[in-house]
Protein chains: 2
Amino acid sequence: MTPATLERSKRWLAQGDLRPTRQRLALAALLVGDGENRHVTAEGLHGAVLATGDRVSLATVYNTLKAFCDAGLMQEVTVDGSRSYFDTRMDDHPHFHFEDSGRLTDAPAGELEIVALPSIPEGYEIAKLDVVIRLRKKA
Amino acid sequence: MTPATLERSKRWLAQGDLRPTRQRLALAALLVGDGENRHVTAEGLHGAVLATGDRVSLATVYNTLKAFCDAGLMQEVTVDGSRSYFDTRMDDHPHFHFEDSGRLTDAPAGELEIVALPSIPEGYEIAKLDVVIRLRKKA
DNA sequence: CTATGTGCAAATCTTTTGCAGGCTA
DNA sequence: TAGCCTGCAAAAGATTTGCACATAG
């Protein structure tokens with residue numbers, strides 16, 4: 001891990017008032033180490049961290065991802081009933097979900113334009129607007 | 001079950017080339033018996049069918065809902081990572097998801113207007129466009 | 001030093017599957 | 001009758017939890 005990556009990871013954890021433990025730094029480095037947004041599953045991230053040589057248990061990956069979400073550093077995205085995806089980008093934005101590979105990416109921002117929303121039931125407000133564009137390989 | 005409900009349920013199963021067994025009729029009656037669209041979870045539907053006095057195992061509810069989807073009679077809607085919802089309405093349409101109760105409903109049709117979609121990656125086409133408006137109780 | 005984190009294994013929850021017997025066409 | 005269906009229990013997969021030990025501030 002480069003010093004820049006370490007620095008960025010520490011700052012990121014500090015934003016969420018989370019202590020920079022070895023495991024959290026290892027995960028943070030993979031998530032925000034290069035400043036890019038990431039979309040990961042717990043299992044995928046676990047595999048990635050093991051590949052770097054660090055040892056982190058899968059349960060800790062789950063707990064840590066949840067801690068990152070609670071701290072407002074990431075958000076969970078629901079795209080597939082069987083798996084949870086975690087996104088380092090925090091604003092509401094549309095996603096592409098590739099049915100063949102299961103990969104999740106941001107859809108180019110600003111290109112989705114919603115003009116009118118259905119009127120919200122009395123007493124409620126919008127917590128989140130999820131848009132998932134499911135893609136299948138063209139025949 | 002009224003004769004009209006029975007008739008409608010039988011026709012519905014016939015549309016999907018599914019045999020009208022006792023269990024399927026019991027579930028179909030709850031799903032389309034009154035001509036309204038329904039949004040159910042497997043567990044919720046199981047509870048409902050038990051309440052009518054019919055006995056259907058939970059595994060059969062799962063298998064039957066999946067059979068209904070495969071037959072093109074319903075679609076599965078992904079709104080919450082932990083549970084699957086099944087919708088008797090077959091076209092793409094936005095949903096309201098009530099965070100307090102977990103209930104899922106259709107958002108008033110036609111009131112959502114999407115003007116521009118992000119451009120789709122080369123070689124792919126849209127399989128499905130999911131829009132879920134998550135609602136929280138107003139403070 | 002004290003409160004937070006972590007690891008592991010076991011528990012939980014939802015959904016799927018194998019197989020023997022039942023029922024529709 | 002033949003093949004599709006069902007029930008049950010057990011399996012499977014993802015995620016959470018309990019508890020003893022480790023560690024950041």
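Chain A is the first sequence line, chain B the second, and so forth, proteins listed ahead of strands; every chain is numbered from 1.
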For R55(A), is the CZ atom crowded, meaning more than 12 foreign heavy atoms sit under 6.0 Å from it?
no
Whole-Å gap separating P (dT16(D)) and NZ (K66(A))
5 Å
Of F86(A) and V61(B), whose nearest nucleotide on DNA chain D comes first from the 5' end?
V61(B)
Which whole-number value in Å describes the distance from E76(A) CD to dA14(D) P?
14 Å
Spacing between D80(B) atom CG and dT15(C) atom C1', to the nearest angstrom
15 Å
Phosphate oxygens OP1/OP2 of dA14(D): is one of them under 4.0 Å from a side-chain N or O of S84(A)?
no
Can you tell me how far C1' of dT6(C) sits from NE2 of H46(A), to the nearest Å?
12 Å
Looking only at heavy atoms, what is the nearest atom pair of H93(B) and H39(B), with distance?
NE2-NE2, 4.4 Å
Counting only heavy atoms not in K128(B) (residues, nucleotides, ligands), do more than 12 fall under 6.0 Å from its NZ?
yes
Under-4.0 Å side-chain N/O to phosphate OP1/OP2 contact, S82(B) with dT14(C)
no
Quick note, L58(A) side chain, CB onward, closest among dA14(D), dT15(D), dA24(D) is dT15(D)
Would you say Q23(B) reaches dG7(D)'s phosphate, i.e. side-chain N/O to OP1/OP2 under 4.0 Å?
yes
Tell me whether the OP1 or OP2 atom of dG5(C) has a side-chain N or O from T64(A) closer than 4.0 Å.
no
Rounded to whole angstroms, how far apart are CG on N63(B) and P on dC4(D)?
16 Å
Between R24(A) and dG5(C), does any side-chain N or O lie under 4.0 Å from OP1 or OP2?
yes
For the side chain of A59(B), starting at C-beta, report the closest nucleotide among dT16(C), dT24(C), dG7(C).
dT16(C)
Any T21(B) side-chain nitrogen or oxygen under 4.0 Å from OP1 or OP2 of dC4(D):
no
Below the 4.0 Å mark, does dT6(C) have OP1 or OP2 next to a side-chain nitrogen or oxygen of T60(A)?
no
Using a cut-off of 6.0 Å, state whether more than 12 heavy atoms not belonging to R83(A) lie near its atom CZ.
no
Just the rounded figure in Å: distance from P of dT24(C) to CG of D17(B).
17 Å
Please report the distance, rounded to the nearest Å, between CG in L27(A) and P in dT6(C).
9 Å
Roughly how many Å is it from OH in Y62(B) to P in dT6(D), rounded to a whole number?
17 Å
Please name the residue in the list N63(B), L65(B), T64(B) that meets the side chain to side chain contact (heavy atoms under 4.5 Å, CB included) test with V61(B).
L65(B)
Looking at R83(B), does any N or O in its side chain come under 4.0 Å of the phosphate oxygens OP1/OP2 on dT15(D)?
no
